Amino acid sequence: MSAPWLAELNDAQREAVTYGDGPLLVIAGAGTGKTKTLACRAAYLVQNGTDPERILLLTFTRRAAGEMIDRAKFLADDPAVQNIWGGTFHAVANRLLRQYGRAVGLSADFTVMDASDAADVLNLIRTETGAAKSDRRFPRKQTLIKIYSHVVNAQRPLREVMEEHFPWCADDLDAIATIFERYTERKRASDVVDFDDLLLFWKALCEEEQIRDVICERFDHVLVDEYQDTNSIQAAMLRGLRRGNDNIMVVGDDAQSIYSFRAATVRNILDFPDQFPGTHIVKLEKNYRSTQPILTASNAVMSQAKERFTKDLWSDRTSDVKPILVTCMDEDGQSKDVRTHVLDHYEDGVALQRQAVLFRAGHHSAKLEVELAASNIPFHKYGGLKFVDAAHIKDMLAILRILENPYDEISWLRTLLLLRGIGPKSARRIIDELGVRGRQSNGHDGDPGVATPSPLRRMIEEPPLVSPAGREGFAELRLALADCAGTPLPSSRAGKRTLRKSKKRKVASLATQIERIHRFYAPICEESFENAGPRLRDLEQLAEIAAGYKSRTRFITDLTLDPPASTSDLAGAPYLDEDFLVLSTIHSAKGCEWDVVHIIHAADGMIPSDMATADDAGVDEERRLFYVAMTRAKNTLYVYFPLRYYHSRYRRGDGHGYAQLTRFIPTSMRDLFDHRTLRVDDDDAMIDVPGARDRVSASLKNLWRE
DNA sequence: CATTTATAAATTTTT
DNA sequence: TTTATAAATG
């Protein structure tokens with residue numbers, strides 16, 4: 001049986017798509033049709049009789065999984081393709097654990113916390129153990145979560161990880177080990193898992209023989225995208241998943257490995273044939289995306305790498321247009337130049353959506369965003385600070401989480417601290433009195449609510465006493481929680497309000513709960529934030545996404561595992577058909593392509609980031625990052641380099657410095673680019689004399705010395 | 001004594 | 001703009 005679309009593939013692609021049973025490794029350079037190959041493979045399998053529900057497709061983002069499945073659905077012309085199990089490792093772990101988690105001690109409605117919640121818990125323990133108040137400086141919470149995460153993801157002993165990646169914390173090894181121990185206990189007791197636990201528990205599932213067999217049995221084929229960015233625990237999970245059935249296809253490109261900070265290792269892709277004996281290898285080398293001049297420049301960048309595996313990319317797409325290196329006066333000049341170029345292409349018929357601005361770090365686009373807003377150019381930013389990281393969103397979600405899991409200590413803490421008159425000490429006492437931590441003591445596994453009333457019920461029925469200062473807020477919170485839980489307050493003198501309704505109320509719908517929490521939270525929000533307006537609007541949008549969910553568990557979990565990239569993302573459909581320019585960190589741009597790509601801040605210190613230049617491995621990763629950015633471009637590539645940076649944001653003074661062009665474009669490579677310096681725009685035309693500012697500053701300073 | 005407010009310091013990349 | 005520590009307040 002041969003589908004018409006098979007004919008459109010090149011030989012290597014078709015070989016991968018139609019490969020039979022057994023392990024398959026596809027080495028696919030940038031733009032060589034990796035996504036297409038995976039989508040076709042899925043379609044091919046379904047057309048040849050594999051049940052879509054028995055195919056597992058692991059990708060790096062949920063978006064990627066969705067796109068691939070849509071594509072496969074179109075190719076196979078079969079709506080059932082929708083039933084393929086697709087998603088990130090973490091999302092799939094979540095799904096498996098909701099189903100089989102009991103075997104490893106998780107209830108079906110455990111809560112997932114994101115990295116910043118995890119950091120908060122660690123911080124809590126850090127203060128409790130008193131490690132923080134030793135005379136020496138102790139690692140901060142972000143550092144702690146980084147260390148913890150690295151240990152889990154790299155599957156290496158704490159000591160080694162600390163010596164290698166966090167040598168400055170080595171003195172605190174014992175204290176840190178203690179903190180992690182307690183952290184683990186605490187999470188188990190409260191039925192909460194962090195991102196790393198999702199992987200850890202999946203792996204644990206694979207180690208329980210009976211469960212493993214059930215899970216292995218579940219999938220006929222496993223397909224994995226971006227294999228170069230998986231880490232060693234993920235490789236272990238895959239091995240566990242494929243015992244007794246070695247139908248596994250992994251796709252990746254070692255030249256695009258950019259997640260070593262998350263313990264990803266290219267060893268996974270290199271060792272794959274050893275891990276899975278009998279692996280067949282297919283290489284995709286022909287690039288269909290970019291024009292040859294763009295590839296030539298990209299290849300040149302990679303050729304300087306210390307370690308190098310991949311061959312040069314080549315393409316049929318000839319062009320006279322080289323990538324363009326734009327030298328700008330300063331950051332503002334850069335923003336203006338980008339705007340000018342974007343509009344030029346737009347007028348030539350390249351929609352904004354077909355263009356992207358890429359940068360190393362989330363905040364690199366700040367000035368540009370201002371410029372774009374001023375010019376009324378709509379844009380959409382991926383990466384950087386997440387919507388859910390905003391304090392007001394986290395506050396709302398914390399309250400919702402209490403309802404979801406009354407043993408979720410950190411959510412109680414966050415919620416109680418919102419109340420005026422209640423600080424850490426009182427919050428701690430209330431949490432203890434509610435029995436949030438007393439869960440283990442009532443013995444029977446997984447079913448705490450029977451013996452002792454849950455903390456939520458206690459909160460409603462026999463609330464702890466609170467000092468006069470916090471009493472009012474505490475009462476408000478109690479009312480809100482009672483309304484959401486659908487439990488009337490006990491009909492003492494405080495019960496007037498609830499008596500109007502009949503005694504047995506149903507648990508409020510998700511939308512109603514959100515609305516009720518909003519009513520409780522809005523005054524607090526207005527009191528504690530200067531800019532309450534936009535924040536309250538965010539909360540209304542939160543309510544709007546919630547409207548799309550029936551299950552509270554689903555809503556909270558989805559928001560944690562796949563947070564909306566930005567505020568405008570939440571608006572969903574109405575914005576979809578509008579045109580907007582894409583702004584993205586290079587990391588978030590992985591796997592994407594655009595007609596025109598603008599890479600900004602191509603200065604040493606930005607790319608490569610100052611943080612990463614300590615060793616060769618770090619610089620090489622930054623180089624791959626730059627390579628990934630360049631190879632996103634189909635037709636036109638701009639690389640912008642601001643000559644001058646003012647670094648006065650946090651430091652005082654008029655400090656500015658002259659930047660160096662990124663080391664990834666040395667002089668020897670300059671003729672692979674066209675060079676351009678835009679004139680300063682009319683209205684801010686100003687004669688600039690290089691160095692004048694310095695000379696004047698120096699002479700002013702010297703007035704007082706001499 | 002607990003909480004709030006003032007002050008100083010530090011900021012990559014993501015599930 | 002957020003986050004840890006110090007001083008001030010109730």
Side-chain angles (χ1 to χ4, degrees), chain A residues 58-65 87-94 112-116 118-120 123 126-127 132-133 137-143 145-146 149 152-153 193-199 226 229-231 233-234 257-264 358-364 366 382-386 388-391 394 416-417 419-429 466-470 528-531 557-563 565 584-590 601 605-613 618 621-622 624-626 628-629 647 649-652:
Chain A
L58 290 161
T59 57
F60 215 70
T61 62
R62 189 173 291 206
R63 196 176 77 193
T88 60
F89 277 88
H90 293 85
V92 170
N94 171 61
V112 181
M113 63 180 174
D114 64 22
S116 70
D120 287 343
N123 200 38
R126 191 181 78 146
T127 27
K133 60 172 190 246
R137 201 167 81 213
F138 196 77
R140 313 235 312 255
K141 59 181 183 179
Q142 268 104 344
T143 317
I145 190 70
K146 268 189 201 162
S149 193
V152 172
N153 284 287
V193 301
D194 61 27
F195 283 144
D196 302 318
D197 290 335
L198 285 171
L199 304 185
E226 310 282 10
D229 284 323
T230 55
N231 51 40
I233 192 172
Q234 290 168 325
S257 158
I258 54 177
Y259 275 88
S260 68
F261 68 91
R262 223 171 84 181
L358 306 183
F359 35 86
R360 173 70 177 87
H363 63 266
H364 285 176
Y382 292 95
L385 263 188
K386 287 277 164 46
V388 284
D389 286 334
K394 292 182 73 88
L416 290 170
L417 288 177
L419 307 173
R420 190 146 290 276
I422 295 183
K425 275 279 170 355
S426 316
R428 178 80 270 149
R429 185 183 53 79
V466 174
S467 69
S528 34
F529 299 110
E530 292 281 307
N531 54 346
T557 310
D558 275 12
L559 222 49
T560 312
L561 289 179
D562 189 31
S584 174
T585 60
I586 301 175
H587 282 94
S588 303
K590 194 167 74 147
H601 289 297
M606 313 298 259
I607 310 181
S609 164
D610 272 333
M611 315 283 190
T613 47
E621 175 140 324
E622 298 284 306
R624 291 193 293 270
L625 204 48
F626 191 55
V628 167
H647 37 68
R649 184 136 58 119
Y650 299 111
R651 257 162 292 191
R652 306 195 311 125

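Here the structure is a predicted model, which is why all the values come from computation and not from measurement.
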Which nucleotide in the list dA2(B), dT13(B), dA4(C) gets nearest to the side chain of Phe261(A)?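 Side chain of Phe261(A) sits closest to dT13(B).
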
From [atom1] of [X] over to [atom2] of [N], roughly how many Å is that when rounded to an integer?
X: Asn94(A); N: dT15(B); atom1: CG; atom2: C1'; value: 12 Å
X: His90(A); N: dT15(B); atom1: NE2; atom2: P; value: 9 Å
X: Asp389(A); N: dT3(C); atom1: CG; atom2: P; value: 9 Å
X: Arg420(A); N: dT9(C); atom1: CZ; atom2: P; value: 16 Å

Once salt bridge (charged side-chain N to carboxylate O under 4.0 Å, His left out) is applied, do any residues pair with [X], and if so which ones, sequence neighbours excluded?
X: Asp120(A); result: Lys141(A)
X: Arg62(A); result: Asp558(A), Asp562(A)
X: Lys146(A); result: none

Those residues that, when tested against Phe60(A), pass ring-ring contact (aromatic ring centres under 6.0 Å, His included) (two or more places apart):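 For Phe60(A), the residues satisfying ring-ring contact (aromatic ring centres under 6.0 Å, His included) (neighbours in sequence not counted) are Tyr259(A).
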
Non-neighbouring partners of Phe359(A) that pass ring-ring contact (aromatic ring centres under 6.0 Å, His included), sequence neighbours left out: none

Near-parallel close stack of Tyr259(A) and dT14(B) base (under 5.5 Å, under 30°):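 Here the ring of Tyr259(A) and the base of dT14(B) are not stacked, as the 5.5 Å and 30° limits are not both satisfied.
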
Under 3.5 Å, is there a donor-acceptor pair between the Asp196(A) and Ser149(A) side chains? yes

DNA chain B in dot-bracket, Watson-Crick or G-U pairs under 3.5 Å, [ ] crossing, | other strand? ||||||||||.....

